[in-house]
Amino acid sequence: MPELLANLNPEQLAAVTLPNEPALILAGAGSGKTRVLITRIAWLIQQGMASPSTILAVTFTNKAAREMMGRLQALLPIDTRGMWIGTFHGLCNRMLRAHYRDAGLPQTFQILDTADQLSAIKRLMKGLNIDDEKYPPKNLQYFINNAKEQGLRPKDVDVTDDFNRKFVELYEAYDQQCQREGVVDFAELLLRCYELLAHNPPLRAHYQARFRDILVDEFQDTNKLQYAWLKLLAGPGNAIFAVGDDDQSIYAFRGANVGNMRDFENEFRVKHLIKLEQNYRSHGHILDAANYLIAHNSRRLGKNLRTDAGHGEPVRVYEAATDSQEAGWIVEEIRALINQGLARNEIAILYRSNAQSRTIEHTLVNAGVPYKVYGGLRFFERQEVKHALAYLRLIDNPNDDTAFARVVNFPARGIGARSIEQLADAARLYNCSMAAAIPYVTGKAGTSLGGFANLVAKMRAETAQMSLPETVEYTVRMSGLAEFYQNEREGQDRLENLQELVNAATAFVSEEGYGLDTPARSIPLRPGASAAPEIVSRDGEIEVLDAPAITDPAQNPDLMTPLAGFLSHASLEAGDNQAQAGQDAVQLMTVHAAKGLEFTAVFITGLEEGLFPHENSAMEADGLEEERRLMYVAITRAKERLYISFAQSRLLHGQTRYNVRSRFFDELPQESLKWLTPKVEAGSRWGGRADNAGWGRDWFARPGGGESGGGRRDRDAYVADKSPAPAFANEQRAAETGFRVGQGVFHTKFGEGTITALEGSGTDAKAQVRFKRHGEKWLALAVAKLQPVE
DNA sequence: TACGAAATGATACTA
DNA sequence: TCATTTCGTA
């Protein structure tokens, strides 16, 4: 028991052992936030103040939820699997599945991810003959999600003008379409769950009585709807324990509302506000830089990090002439660090926008330094996987037009755009799904559509008794997807992903504890499991007929069929957002993606006006302050070494831009900086910036190159300034290929292979590689993205 | 229907 | 520059 609380500092200890009352924990970067959250849960359970079933813990990412469950499991001899620890969306999904009738949803409702939602919107607009130039589908999508996140249904949205009125109309039509198809988007998951609780007092009371302790991670990232949902769950006998850091709020652009922290403090009369300011991550100079920078923000709750670690190394600053020179310097420093014995995965290169990674990658490749880029497509977002999932969704729910439209002609079965349009018209006429409208379409189109209908019907019938992995395997085969990719020249990886999908299904079944032969499409009633919830509405009144019948998904996870569960899993957990895992490699990612991580050495690149702070942030209210918080997040990722760099010119979108160094340099404590290049005072160079001008003007295209806004035709007329980057010291060493014959390599397009020959040197260096799947190829090392593999 | 050419847009991103 | 989408023709 005491060892649970051992090694906590006084503030952490105070937070962990607070009474069951509203509390706000202001947890600075590297202050042991997660540890406090987990220890608090463990402590509550150990003290008998709570049991695993009375706790609700909410996070933003599946990763955070998994970490919490894993570490908790390690602290206590309990099974965390049934606990209500998860993301907002995951928990809402769970609640909606349990009370689908009260929520007005079909039992097999499915979840639209962002891409599905957009295609649903496009389909809707096409059907209504809406001009998508005037009303861009993406804008409508944003409008709808934004409204939902404010808790607004179409009837609640203020109509201000005709344009707005159209959007509201479309929002209404979209909701109806979703309802008819039995699908919900991400925002709907939250809003629907919110309404479920808001309109159903007995149910609300049930959950309020149940969740005595509600713990929220990253509270500064909650949006209005999430906060409202939490407030509904916070009843008289329970309390919210919110952990967050207003200085690390970097998601306002997607609806996060830092104001929730203040509101929480006021609305709940928070008596316990604890600041965790002891930092266990960074050395002194780094922390000083962070503190000093963030002090330039107004409207903070106020916090100052301290460390016992000593000053450590100063923050190194480098000014480069060009972006490629900047990259060259970074690679040099990285080599030095590696030579000093630092592991590659303890080194991170951070940038503000993804476009910046290319130059850096290129330089790393040439230098033969292995690296990993975070970001990009995740497993369940790959087209072949989404195709397969669409077939599965169609088997489960014939009304899902989004899934239908996706695969009706994939693989191609001669059903063209014309036929689909006819079908959509019929569906609208008869107010039914596209699948149901097939009999109404006549002629040749009707025949080929009929063929598709038969295929799906056959698949539905034949999978009726199959287990989930069998169903997935069967679907991949019978849909023709496997055959299609088999014959496709570049289809091998996709084929493998389809196989991987079958494996994922097998893994899912075993993780969820189903028997391997449990039918995928029936609700498996285990012994002792109770039937579906029984809350019935009578005369508009909602009533609990039989109190114990409010079924708790935690005790009965079988309210979902394995297939429905797997499909939600695919939507809610799209998989890793990381490139190839494994080998020891330098980590490349955006500053946003780095939040929550830490590295021994960190490079923050592209510190230029217009880039960081980003030019677009000048338009947004509070935009500059968010950029500054972003920089704060970036700095606080570093444990021992921090490098900050910028370049005078940068090739971006095919144009050379001349940038001015970021204002953030002037907001750092100069005594903690070590300039590796002479520091040039602002204003002493051409292009020096006027501090209070809108900084959109602070960067500009090539001097004498004319206005950049001259339209596309300028592209041909425009000759980019191709002056070569000044050679940097180790051009010579970069010339070494860094490869040897017989070495295993990885290529982003061709996959794994082995080097069979090397030729030439410097920029002409070539390697012959025998790829496992694509045969032997000669590759120019300066161009090909080859990564060494063990 | 299918393919290549031309046009276009480009901050950050989890569920 | 590059990835994606639309356009125009076979």
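Chain letters run A, B, ... following the sequence lines, proteins first and then strands; every chain starts at 1. Bear in mind that the values here come from a model prediction, so they are computed numbers and not experimental data.
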- Cation-pi between Arg650(A) and Tyr658(A): NZ/CZ under 6.0 Å from ring centre and within 45° of the ring axis?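 Ring-cation test returns no.
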- Could you tell me whether Glu149(A) and Arg254(A) make a salt bridge, using a distance below 4.0 angstrom between a side-chain N and a carboxylate O?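 Salt bridge between Glu149(A) and Arg254(A), a charged N being under 4.0 Å from a carboxylate O: no.
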May I ask you to say what [X] touches in the nucleic acid, namely base, sugar-phosphate or nothing, with a heavy-atom cut-off under 4.0 Å?
| X | value |
| --- | --- |
| Ala187(A) | nothing |
| Phe60(A) | sugar-phosphate |
| Tyr251(A) | sugar-phosphate |
| Asp113(A) | nothing |
| Glu626(A) | nothing |

- Would you find a donor on one side and an acceptor on the other, under 3.5 Å apart, between the side chain of Thr447(A) and the backbone of Gly443(A)?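 Indeed, once roles are kept as given, a pair shorter than 3.5 Å links the two residues.
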- Do side-chain atoms of Ser419(A) reach the backbone of Ile415(A) as a donor and acceptor pair under 3.5 angstrom?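 Not at all, since once roles are kept as given, no pair shorter than 3.5 Å links the two residues.
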- Task: Taking atom types as modelled, find out whether Asp116(A) and Thr402(A) have a side-chain donor-acceptor pair closer than 3.5 angstrom.
- Result: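 Per modelled atom types, Asp116(A) and Thr402(A) side chains form no pair under 3.5 Å.
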For atom [atom1] of [X] and atom [atom2] of [N], their distance in whole Å:
| X | N | atom1 | atom2 | answer |
| --- | --- | --- | --- | --- |
| Lys63(A) | dC13(B) | NZ | P | 14 Å |
| Phe380(A) | dT14(B) | CZ | C1' | 16 Å |
| Asn616(A) | dA10(B) | CG | C1' | 10 Å |

- Query: For Thr359(A) and Ser324(A), which heavy atoms make the closest approach, and how far apart are they?
  - Reply: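 So the minimum-distance heavy-atom pair works out to CG2-CA, 3.6 Å.
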- Query: Which nucleotide in the set dT11(B), dA15(B), dA2(B) lies at the smallest distance from any side-chain heavy atom of Ala412(A)?
  - Reply: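 Of all the options, the side chain of Ala412(A) is nearest to dA2(B).
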[X] side chain near [N] phosphate (N/O to OP1/OP2, under 4.0 Å):
| X | N | value |
| --- | --- | --- |
| Asn354(A) | dT11(B) | no |
| Arg378(A) | dA15(B) | yes |
| Asn93(A) | dA15(B) | no |

- Message: Taking the nucleotide of DNA chain B with the nearest heavy atom to each, does Ala574(A) or Ile415(A) sit closer to the 5' end?
- Response: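 Between the two, 5'-proximity favours Ile415(A).
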- Query: Can a donor-acceptor pair under 3.5 Å be found between the side-chain atoms of Thr114(A) and the base atoms of dA15(B)?
  - Reply: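 Between dA15(B) and Thr114(A), which were checked side chain against base, a qualifying N/O pair under 3.5 Å is present.
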- Item | Base-pairing string, 5' to 3', of DNA chain B - Watson-Crick or wobble, under 3.5 Å, | interstrand | ||||||||||.....
- Query: Are any of the side-chain heavy atoms of Leu607(A) and Arg352(A) separated by less than 4.5 Å?
  - Reply: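 No, side chains not in contact.
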